[in-house]
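Throughout, residue positions are numbered sequentially from 1 according to the sequence presented. Note that the coordinates shown come from a computational prediction; the quantities given were computed from them, not determined experimentally.
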Amino acid sequence: MRLIDTKTLELKEFMGSAIPRYAILSHTWEEDEVGFHEFTQLGRSELRKKKGFAKINHTCRLARGSGISWAWVDTCCIDKSSSAELTEAINSMYQWYADAIVCFAYLSDLRTGGARKKDQQRAVKDGGSVASGASGDGSLTFEQRVQKYAHCRWFTRGWTLQELIAPRRLGFYDTDWGFQGEKSDMALELTAITGIRTEVLENKLAPSSVSVAQRMSWASRRETTRAEDMAYCLLGLFDVNMPLLYGEGSKAFTRLQGEIIKEICDFSLFAWRHPEREGGEEGTGDKVPAQRQKQRHWGILALSPKDFADSSGIETLGDPMYNNECVPTSKGLRFVAPVNCGLLDGKGELEGTYLMNLRCEEWDARLPVAICLRKHGRGIYSRVNPTQLPRVRDRVKTKEEVFYVTATVSPARSIMLAASHRHAINLSRLGENLGIRLDKLEPADHWDRQQLQFLTEGNGYILYEATFSTLLDFPAKRARLRMQFYFQPDMSLSVTLGAVSENDGDDAYFRAVGAHSYEESVEGQPVHFVILEPPRRRGDRMLVAPSSETSKSPLTYRPRPRSKGEEWLSPRAL
């Protein structure tokens, strides 16, 4: 770590425990800053000509006035021509600000409100202040004080977020280096401006005690010049480290989320909502790119901190350490957790999706929130309806299962995921007026219990089989049937129907009951719907419905009334 001697303005490097007490500067970069090579190679007279040198000079002056012999300024203390040094500095920066005796936050666009003395600084001792003298805000209302600072560029930049949170002592200075106040005394105003919890700003609550979603929301309205820095500036806030790869763009934020989930299993990381506004460039603004407006399938990871703009009220339910396992893999994020069958809160466009409980809640509702998933076969899911976080109202329990959720999904990949529903074998209309219970479905990992269909991954190379029970008016006993499905070379579906064993049903029943399929377009993909052709009674004879009566809707049939204790589920209730 390089530090500036506040008396001689010379740089010196320190390592580990040898690092002395130092002050640190927080500011926004502007034109004509003094870089490392300029600071070490140019003469003092040349340096004074550069606009950025005034920041260095004032920082050293304030540090000396506080009895501190060393200071750190990012513009001249880091050799940015060295990628190794830059990586080390960015990964260490949060800790550097946290270890500083005092931080001076320079608000270059905050105009002086009136005459004030510039040299009211006194030595920083235990319990002492950053500066003495009033800030001149005593006559302003709370709203006026908030408005006074809210327009400052310092509160909109990504890097200054950690520079606000990490230091134990922080003082604000206006454009003329007039003291405005300390962070601890302005905590309420700063909370109103930044959304950061007051307890965090007062050093009463560690940021790590706040949910990941809340911390992300603090960065949701901030920006950086380079897309990658929007991820790199958050490393310290989440206490993770990763190498810098300038040129990767918004992928840096994806990597950041992967590192976070390795360190803490806080599912609030997935409690984001995608904005619905059009326009903008991906990863740089708060608007959805035009090519993503019609995207149906999404990854479980957010595109940028902007997606957490409405997540400031998300709180975890209990210690995330006890959450189920979540591991990044090449298939996506691997979970071992319950996937609730059926949406417990939501109708219409949300019907037919799965709910994944995130084990977190919104402070205003106190109900667990979930995300909507769509299955694509073999335990693979994607997120759908990313503009919503449905709330789980019922305590429905389902068995734990291993499943994967895609991490990120591009518009092109979304089209490929939609194709996984091509040539699905749908049983939702199998017998809407019959008492039917699905007993066994093979292969089980291809069965989508929400859509009530086999997902064939678009090719149909596998033999699919469904065993079900049905109770009809004739014969007056339970029948167990096995239905097998396979595709012809032209992708037409063949259906065979038979008894599970010789004791199931009788010959008359199987001669009377048949099945057929028809093709229908669902969300632009061909889906094969299978229906039963139930028997009809005429006198004492049981007749098969004429082919002319066969239609897309199952024939109207009234099953025998259930005996006491019998429970027959319609497909939608499965």
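Scored by the ring-ring contact (aromatic ring centres under 6.0 Å, His included) test, Tyr22 finds no partners at all (sequence neighbours excluded). Residues satisfying the salt bridge (charged side-chain N to carboxylate O under 4.0 Å, His left out) test with Lys204, not counting sequence neighbours, are Glu202. Under the side chain to side chain donor-acceptor pair (under 3.5 Å) criterion, Gln144 pairs with Thr141, not counting sequence neighbours. Contacts of Arg359 classified as salt bridge (charged side-chain N to carboxylate O under 4.0 Å, His left out), with partners at least two apart in sequence or in another chain: none. Every salt bridge (charged side-chain N to carboxylate O under 4.0 Å, His left out) that Arg226 has, sequence neighbours left out, goes to Glu228. Residues that satisfy the ring-ring contact (aromatic ring centres under 6.0 Å, His included) test with Trp159, not counting sequence neighbours, are absent from this structure. Partners of Trp70 according to the ring-ring contact (aromatic ring centres under 6.0 Å, His included) rule, which considers only residues two or more places apart in sequence or in another chain, are Phe14. Residues passing the ring-ring contact (aromatic ring centres under 6.0 Å, His included) test with Phe267, sequence neighbours excluded: Phe270, Phe335. Qualifying salt bridge (charged side-chain N to carboxylate O under 4.0 Å, His left out) partners for Lys262, counting only residues two or more places apart in sequence or in other chains: Glu259.
Here the CZ-CD1 distance, from Arg413 to Ile415, works out to 11.5 Å after rounding to the nearest 0.5 Å. The distance from atom CD1 of Ile264 to atom CG of Leu269, rounded to the nearest 0.5 Å, is 10.0 Å. Note that the OG atom of Ser220 and the CG atom of Asp310 stand 8.0 Å from one another [nearest 0.5 Å]. Rounding to the nearest 0.5 Å places CG of Leu161 at 6.5 Å from CG of Leu234. Rounding to the nearest 0.5 Å gives a distance of 12.0 Å between CG of Leu201 and CG of Asp185. How far CD1 of Ile68 is from CG of Leu3: 11.5 Å, rounded to the nearest 0.5 Å.
Judged by distance alone, the side chains of Glu30 and Ser108 do bring a donor and an acceptor atom under 3.5 Å apart. Between the side chains of Thr194 and Arg222, no donor-acceptor pair is found at a separation under 3.5 Å. Checking Gln180 against Tyr149 by side-chain atom types alone, a donor-acceptor pair falls below 3.5 Å. Remark: the His151 side chain and the Asp109 side chain contain no N/O donor-acceptor pair separated by less than 3.5 Å. Between the side chains of Thr225 and Trp29, no donor-acceptor pair is found at a separation under 3.5 Å. Side chains of Ser420 and His376: a donor-acceptor N/O pair is present below 3.5 angstrom, by distance only. For the residue pair Ser268/Thr316, the side-chain donor-acceptor check at 3.5 Å is not satisfied.
Thr175 and Tyr106 make their closest contact through O-OH, 3.0 Å (heavy atoms, listed as atom of the first residue, atom of the second, distance).
At least one side-chain heavy atom of Met242 sits under 4.5 Å from a side-chain heavy atom of Leu256. A 4.5 Å side-chain heavy-atom check between Pro390 and Leu355 finds at least one atom pair inside the cut-off. In this structure, Phe39 and Glu10 have side chains that are not in contact, with every pair of non-hydrogen atoms separated by 4.5 Å or more. A 4.5 Å side-chain heavy-atom check between Leu190 and Lys183 finds at least one atom pair inside the cut-off. Counting heavy atoms from C-beta on, the side chains of Ser26 and Phe104 never come closer than 4.5 Å. A 4.5 Å side-chain heavy-atom check between Lys80 and Phe36 finds every atom pair outside the cut-off. Looking at heavy atoms from C-beta onward, Tyr94 lies in side-chain contact with Pro207 at the 4.5 angstrom threshold.
Partner Arg2 forms a side chain to side chain contact (heavy atoms under 4.5 Å, CB included) with one of Val73, Thr40, Asp79 and no other, that one being Asp79. Of the listed residues (Gln295, His274, His297), just one forms a side chain to side chain contact (heavy atoms under 4.5 Å, CB included) with Pro386, and that residue is His274. Residue Arg374 forms a side chain to side chain contact (heavy atoms under 4.5 Å, CB included) with just one option from Thr353, Leu417, Asn385, and that option is Thr353. Just one of Lys51, Lys50, Arg48 meets the salt bridge (charged side-chain N to carboxylate O under 4.0 Å, His left out) condition when paired with Asp32; it is Lys50.
Listed by first and then second residue, the ring-ring contact (aromatic ring centres under 6.0 Å, His included) pairs involving residues 192-215 amount to none (not counting sequence neighbours). Applying the salt bridge (charged side-chain N to carboxylate O under 4.0 Å, His left out) definition to pairs two or more places apart or across chains, those involving residues 311-337 are Glu315-Arg366, Glu325-Arg334. Residue pairs meeting the ring-ring contact (aromatic ring centres under 6.0 Å, His included) criterion with at least one member in residues 203-234, sequence neighbours excluded, are Tyr232-Tyr246.
Remark: Asp239 CG is loosely packed, at most 12 non-hydrogen atoms of other residues, nucleotides or ligands lying under 6.0 Å away. Other residues, nucleotides and ligands contribute only 12 or fewer heavy atoms inside 6.0 Å of the OH atom of Tyr322. More than 12 heavy-atom neighbours from other residues, nucleotides or ligands sit within 6.0 angstrom of CD on Gln41.
Between the side chain of Thr191 and the main chain of Ile196, a donor-acceptor pair closer than 3.5 Å is present. A donor-acceptor pair under 3.5 Å links the side-chain atoms of Asp266 to the main chain of Val212, judged by distance alone.
Using cut-offs of 30° and 60° on the angle between ring planes, the pair His58 and Trp177 is parallel.
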